[in-house]
Amino acid sequence: MNFNEQVWELTKKIPKGKVTTYREIARALHTKAYRAVGNALNKNPYAPNVPCHRVVKSDGSLGGFASGCEHKIKLLQEEGVEIKDNKVADFENKLYKF
DNA sequence: CTAATGACATTTG
DNA sequence: ACAAATGCCATTA
């Protein structure tokens, strides 16, 4: 319960034009449950409230998304994040650290 | 309470 | 470098 809320709160804190990884979120929560983080975002009852599309995998790939990763790619590009071959360009540069 | 699952990550083949 | 297997944590059935 609390865990998911924490995940969503952190996800909400991600500034526009930046991205983060499930691992980073888990680390911010002082845990290694990147799996659970993915699960939390998957449920994501605060769909428009939480920009889950800014959360990507550790290698910069978008990972899986509920409404098609293609749409998320477009959203990220709108926010200024360039996507290259299903991966974030300048990933380390755009990566948001908590 | 036990078992299965997933929007992951890391190590092997 | 790519594909498959294994490990992880919290949630859900």
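From a predicted model like this one, the values you see are computed outputs, not experimental measurements. Chain identifiers are assigned alphabetically (A, B, ...) following the order of the sequence lines, protein sequences preceding nucleic acid strands; residue numbering begins at 1 within each chain.
Along DNA chain C, the stretch of nucleotides lying under 4.0 Å from any heavy atom of chain A spans, 5' to 3', C:dG7 to C:dT12.
Counting any heavy atom pair closer than 4.0 Å across all strands shown, A:Ala33 reaches sugar-phosphate atoms only and no base atom.
Residues A:Thr20 and A:Val56 have side chains not in contact (no heavy-atom distance under 4.5 Å, counting atoms from C-beta outward). No side-chain heavy atom of A:Lys57 sits under 4.5 Å from any side-chain heavy atom of A:Leu62.
A:Asn39 has its CG atom 5 Å from the C1' atom of B:dG6, to the nearest Å.
Proximity of A:Asn42 to the phosphate of B:dA7: a side-chain N or O atom is located under 4.0 Å from OP1 or OP2.
Taking both residues in full, the closest heavy atoms of A:Ala28 and A:Leu10 are given as CB-CD1, 3.8 Å, listed atom of the first, atom of the second, then distance. In this structure, A:Cys52 and A:Leu41 approach most closely via the heavy-atom pair CB-CD2, 4.1 Å. Shortest non-hydrogen contact noted between A:Ala33 and A:Phe3 is CB-CZ, 4.0 Å.
Positionally, the nearest nucleotide of DNA chain C for A:Tyr34 lies more toward the 5' end than for the other of A:Asn4 and A:Tyr34.
The side chain to side chain donor-acceptor pair (under 3.5 Å) search around A:Asp59 returns A:Ser61, not counting sequence neighbours. Remark: A:Glu79 pairs with A:Arg54 by the salt bridge (Lys or Arg N to Asp or Glu O under 4.0 Å) rule, at least two apart or across chains.
The salt bridge (Lys or Arg N to Asp or Glu O under 4.0 Å) pairs that include a residue from residues 16-27 of chain A are A:Glu24-A:Arg27, where partners are two or more places apart or lie in different chains. Annotation: ring pair (Phe, Tyr, Trp, His ring centres under 6.0 Å) contacts involving residues 25-75 of chain A, sequence neighbours excluded, comprise A:Trp8-A:Tyr46. For the salt bridge (Lys or Arg N to Asp or Glu O under 4.0 Å) condition, no pair includes a residue of residues 64-76 of chain A, sequence neighbours left out.
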Name every donor-acceptor pair, under 3.5 Å, that has one atom in a side chain of residues 91-98 of chain A and the other anywhere in the protein, sequence neighbours excluded.
none

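Residues from residues 9-24 of chain A placing a heavy atom under 4.0 Å of any atom in DNA chain B, listed by number, are A:Tyr22, A:Arg23. Listed by residue number, there are no residues of residues 48-62 of chain A with a heavy-atom contact under 4.0 Å to DNA chain C. Taken residue by residue, residues 80-98 of chain A places no heavy atom nearer than 4.0 Å to DNA chain C.
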Decide side-chain contact (heavy atoms from CB on, under 4.5 Å) for A:Val55 and A:Thr21; before the verdict, give the C-alpha distance in whole Å, the side-chain angles of both, and the deciding distance to 0.1 Å. CA-CA 5 Å; A:Val55 185; A:Thr21 69; 6.0 Å; no
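Note that the CG atom of A:Leu76 and the SG atom of A:Cys69 stand 11.0 Å from one another [nearest 0.5 Å].
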